[in-house]
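Some notes on the structure that comes next.
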Amino acid sequence: MKILNYGSLNIDKVYQVEHFVRPGETIATLGYDCFPGGKGLNQSVAAARAGQKVFHAGCVGADGDFLVSVLQESGADTRYIKRTAGVTGHALIQVAQSGENCILLFAGSNAENDKDTIDAVFSNFEQGDILMLQNEISNMEYLVSRGAAKGMQIMLNPSPMDETLKNMDLSGITWLVLNETEGLELTGENEPEKILANLLERYPNLQVVLTLGSDGSVYKSAQEEYRQPVFKVKAVDTTAAGDTFTGYFASAMVEKMPVDKALELAAAAAAMAVAKAGASVSIPVRSEVEDQLVVWKA
Ligand code: RIB
């Protein structure tokens, strides 16, 4: 079983701030870093550092070479990354003293994923392989329909949410990994129980993983339900915590790990990412997560 992650690659320009800038306000920042990022790249790095063979597909411009190197150094296969003439996607990220962030995205080359290239990439994958998707690249509906038609198992992280995703048929999705805000936008429901019930009523074959911030996460399918609390750490930067969780959870699904163990592993990896600055640079390798889990569970 192979993992194909068709996803974004971004240059993250990260500013430490006292508070998020308000309308009409100009503020001096407390610091600046430039990191590799993008929900797609982060999730590939996480799945690769968790020990899986991940093929990352997507687009970068001439200024995005270092993003490809980061993926390669993490162990991901980058043969399906296309170079485009435009600039690479980037994110302007404010990180507050609490570790919380807010993000402005510019799609750049992430908007240049075209149907012909998607078809060519998909010809190398088959039924049963896992397709990971987020919502930062072009042709999302096409990717979902092509993956489903091929019989791939699709893990969709509907982030950032938009009108296309809100109206998309999710019947071809195997795992939906989302947070409460995305859950509200997809279902109109505020409470976790109601979000899960709504999704499973509409899509009875779906496996839903709902992340609840400091309240942990919950997995629900027609057959099973599991809850996982967070591992408490001092938050430095929450950027890519969700991506780390998703990449590690995908890896656990490839290994056919029981769901409760998969949630625990993913939660531990995400907590470790929160304790470090940056997106993909904060994602731990599998042995670090397993060692830390021993400490936390002692
Ligand atoms: O999920 C975090 C990511 O969102 C950042 O790395 C940024 O690039 C945005 O895509």
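In this text, all values refer to a predicted model and were calculated from it rather than measured experimentally. This chain uses plain numbering: 1 for the first residue, then up along the sequence. Counting starts at 1 for both ligands and their atoms, following the listed order.
In this structure, Lys150 does not pair ionically with Glu126, as no charged nitrogen and carboxylate oxygen lie closer than 4.0 Å. Classification of Asp114 and Lys82 as a salt-bridged pair holds, one side-chain N sitting under 4.0 Å from a carboxylate O. Ionic pairing of Arg227 and Glu264 is not present here: no N-O contact between side-chain nitrogen and carboxylate oxygen is shorter than 4.0 angstrom.
Each of Leu41, Val54, Asn5 was checked for a side chain to side chain contact (heavy atoms under 4.5 Å, CB included) with Leu71, and the lone residue meeting it is Leu41.
Donor-acceptor pairing under 3.5 Å is lacking for the side chains of Ser8 and Gln134. Between the side chains of Glu225 and Tyr219, no donor N or O sits under 3.5 Å from an acceptor N or O.
Ligand 1 is surrounded by Asn10, Asp12, Gly37, Gly38, Lys39, Asn42, Ala91, Ile103, Leu105, Glu136, Thr239, Ala240, Asp243, Ala279, each with at least one heavy atom closer than 4.0 Å.
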